Each structure stands twice: as structure tokens, then as C-alpha cells.
Amino acid sequence: PGETDEQFENSLEYFASLPLTYFHVFPYSSRRGTMAASLAGHVPADKKKERARRMRELGEHKKREFWRRFLGDEVSVLIEEKIDRKNGRHRGFSRNYLPVVVCGTGDCVNREIRVRIKRFDGGCLLGDALLGDVTVGGDLAANGQ
């Protein structure tokens, strides 16, 4: 409670300067019986909501900037059994926990494979499986799926 507009702007600027790639943002909530509940200067609900929105936008921007560094790169991805609902392709995670939807995985569930990252869409990166010296399923980028 009591965070001023200037303090919030300083916090936003500070977080923008850090090499963070993921934010977990939630507005402060006063709980009855806690010391914080008895403090003065609680931020109005609409202002808290706006500040949380701005912080989430910054987090999304920083995540995309981080992901952008991997476009065109080959990364190792552990393929999960889970299928992406949007495009019916297998999903997996890189060693630095980037979510990747992969075209051309074949029978690679629960295996780590090399993937060339093509683009990002929504909440994940999209790429083609590299099996041996062959790129499998290049239709992911071509069809925009």
C-alpha cells in the first residue's frame, strides 16, 4: 500500500532495464488481519489494474525480445506427447524452457531432437524438426500454421 505513481514508474523503468524474460504479475491485495491491511494509502482498484496491465505488457515485450534472439537458430527440444490445440502439432520445450511447436516430429515423443526455429506465434515458437541432415516438415512456416 502507498506506492506513488512516481514509485511505480521507477519500478517499471527498473524492470525494463533488467535481463528478465518472464514476469509473474499480480496486483497487491489487502488481507484482513495483516499489518499491511492497517497501513494507509492503499492504491485504488482501477489504478492497481492499470499498473498490472502495464507491467504485464512490459513482461510480454521482454519475452518476445528474448525469443526473437532464437529465430533461425537450431535448438534442442524435448518433444512432449501433448499436441498443440491450434495446429495439431507436437509441442516441446528447449533446454532454456522455450515452448516450441514442432513440425515433422515423426515418432519423437519423449525424445530430445534438434529443431530450427522459424517464427513465433501466440505463446510459443514454431520450428521444423531436423532429423539427421534433413529438415522435416517445412510446411509449418510456408502455410503460416
Side-chain angles (χ1 to χ4, degrees), residues 1-131 136-137 139-145:
E3 180 184 51
T4 66
D5 289 340
E6 181 181 7
Q7 288 169 328
F8 173 74
E9 294 301 328
N10 287 342
S11 294
L12 199 63
E13 187 177 316
Y14 178 66
F15 284 115
S17 74
L18 295 174
L20 302 173
T21 59
Y22 177 80
F23 290 14
H24 182 78
V25 178
F26 55 94
Y28 165 76
S29 173
S30 178
R31 294 191 181 205
R32 189 178 30 203
T34 65
M35 183 177 210
S38 67
L39 296 174
H42 289 269
V43 176
D46 59 334
K47 187 171 280 200
K48 284 193 289 187
K49 187 176 182 178
E50 174 65 14
R51 288 177 179 178
R53 182 193 62 75
R54 289 182 61 205
M55 190 65 79
R56 285 185 188 108
E57 284 178 357
L58 175 61
E60 186 64 28
H61 172 75
K62 291 184 74 64
K63 177 176 73 173
R64 287 189 177 279
E65 287 302 309
F66 177 67
W67 286 6
R68 195 175 321 277
R69 294 178 13 202
F70 295 92
L71 294 177
D73 287 356
E74 291 181 23
V75 298
S76 293
V77 175
L78 178 61
I79 302 299
E80 296 181 332
E81 193 169 357
K82 184 177 180 179
I83 302 292
D84 187 88
R85 283 182 266 163
K86 284 193 226 174
N87 55 34
R89 309 242 187 245
H90 277 101
R91 291 187 68 144
F93 287 91
S94 70
R95 290 185 174 199
N96 55 345
Y97 211 65
L98 297 171
V100 181
V101 172
V102 183
C103 183
T105 55
D107 187 24
C108 294
V109 172
N110 294 324
R111 290 184 31 215
E112 188 175 43
I113 63 171
R114 297 295 291 167
V115 174
R116 181 173 315 283
I117 303 299
K118 299 297 237 181
R119 62 188 180 94
F120 55 81
D121 182 31
C124 60
L125 292 162
L126 306 174
D128 293 331
L130 303 173
L131 303 176
V136 181
D139 62 324
L140 185 65
N143 292 339
Q145 294 182 347

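Position 1 is the first residue of the sequence; numbering continues from there. If you're wondering where the values come from, they're calculated on a predicted model, not measured in any experiment.
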*So do Arg95 and Glu112 actually touch side chain to side chain, heavy atoms under 4.5 Å?*
yes
_Carboxylate-amine/guanidinium contact Asp128 Arg89, below 4.0 Å_ = no
*Any side-chain heavy atom of Val25 within less than 4.5 Å of one from Glu57?*
no
*Hey, are Glu65 and Lys62 close enough for a salt bridge, meaning a charged N less than 4.0 Å from a carboxylate O?*
no
*Flag the pair Pro99 / Trp67 as yes when at least one side-chain heavy-atom distance between them is below 4.5 Å, and no otherwise.*
yes
_Shortest non-hydrogen contact from Ser94 toward Val75_ = CB-CG2, 4.4 Å
*Given side chains that start at C-beta, do those of Asn96 and Phe66 come closer than 4.5 Å, heavy atoms only?*
yes
_Between Glu50 and Lys47, does any NZ, NE, NH1 or NH2 come within less than 4.0 Å of an OD or OE carboxylate oxygen?_
no
_Atom pair CG/CZ of Leu98 and Phe70 - distance to nearest 0.5 Å_ = 5.0 Å
*Between CD1 on residue Ile113 and CD1 on residue Ile79, distance to nearest 0.5 Å*: 4.0 Å
*How many angstroms lie between atom CG of Leu125 and atom CZ of Arg91, to the nearest 0.5 angstrom?*
10.0 Å
*asked:* As an exercise, state the distance from CD of Glu3 to CD of Glu9, rounded to the nearest 0.5 Å.
replied: 9.5 Å
*In terms of side-chain geometry, is the basic nitrogen of Arg64 or Glu60 positioned less than 4.0 Å from the acidic oxygen of its partner?*
yes
_Distance check, rounded to the nearest 0.5 Å: Arg32 atom CZ versus Ser38 atom OG?_
14.0 Å
*Under 6.0 Å from the CD atom of Glu13, do we count more than 12 heavy atoms belonging to anything else shown?*
no
*asked:* Within the structure provided, determine whether Phe8 and Asp5 are in side-chain contact (heavy-atom separation under 4.5 Å).
replied: no
*When rounded to the nearest 0.5 angstrom, what distance separates CZ in Phe23 from NE2 in His61?*
10.0 Å
*Taking all non-hydrogen atoms of both residues, which atom of Arg119 and which atom of Leu71 are closest, and how far apart?*
CA-CD2, 3.4 Å
